[in-house]
Amino acid sequence: QDLLVESGGGSVQAGESLTLSCKAAALIFSDYYMAWFRQAPGAEREGVASIDSDGRTTYADSVGDRFVIARDSADNILYLQMDNLKPEDTAMYYCAYNPVRLSVPLRAAGYNHWGQGTQVTVSS
């Protein structure tokens, strides 16, 4: 379903910042889980950050304190603020949604709605 549309990707140098946006249908933010995933060529899709309907967040160890996930409920936008980017962050980034609670919120198979992705490339 075309419920999620990502934007904000680009090509940056290591140490710079980007903020990704996911424009979503209005009702989606009343449900349980949303997340950002990323996938590099030849790699598994990796969960980056998630947020549930109570506002609780989960982050992958690989991003440490560098990334922040946030929701703007009024404008129906999901954000991923990425600071101090590293070449290892290079990937296609996807916005995802699922209407039920997940015991493993960064597991890709738990999500059934996906955006088309936005590319992030970090050079050294």
Open item on the list: Can you confirm if the NZ or CZ of R71 lies within 45° of the ring axis of Y79 and under 6.0 Å from the centre of its six-membered ring?
Closed with: no
Task: Validation row: V104, L102 side chains within 4.5 angstrom (heavy atoms) - done: no
Open item on the list: What I'd like to find out is whether the side chain of E6 reaches to under 4.5 Å of the side chain of Y93, using heavy atoms alone.
Closed with: no
Task: Path from V122 to V63 over hydrophobic side-chain contacts below 4.5 Å - done: yes
Open item on the list: Any heavy-atom pair between the side chains of T58 and L106 that's under 4.5 Å?
Closed with: yes
Task: Within one Ile-Leu-Val-Met-Phe-Trp-Tyr cluster: V48 and L85, side-chain cutoff 4.5 Å - done: yes
- [ ] Taking the side chain as every heavy atom from C-beta outward, state whether S62 and E88 have any pair of such atoms under 4.5 Å apart.
- [x] no
Open item on the list: Is any side-chain heavy atom of L78 closer than 4.5 Å to one of C95?
Closed with: yes
TODO: Would you indicate whether the side-chain heavy atoms of I69 and Y59 approach each other to under 4.5 Å?
DONE: yes
Open item on the list: Would you say CD of E16 has more than 12 non-hydrogen atoms from neighbouring residues, nucleotides or ligands within 6.0 angstrom?
Closed with: yes
Open item on the list: Please tell me whether F37 and W114 form a close aromatic pair, meaning their ring centres lie under 6.0 Å apart.
Closed with: yes
- [ ] Find out whether R66 and K86 are in side-chain contact, i.e. whether some heavy atom of one side chain is under 4.5 Å from a heavy atom of the other.
- [x] yes
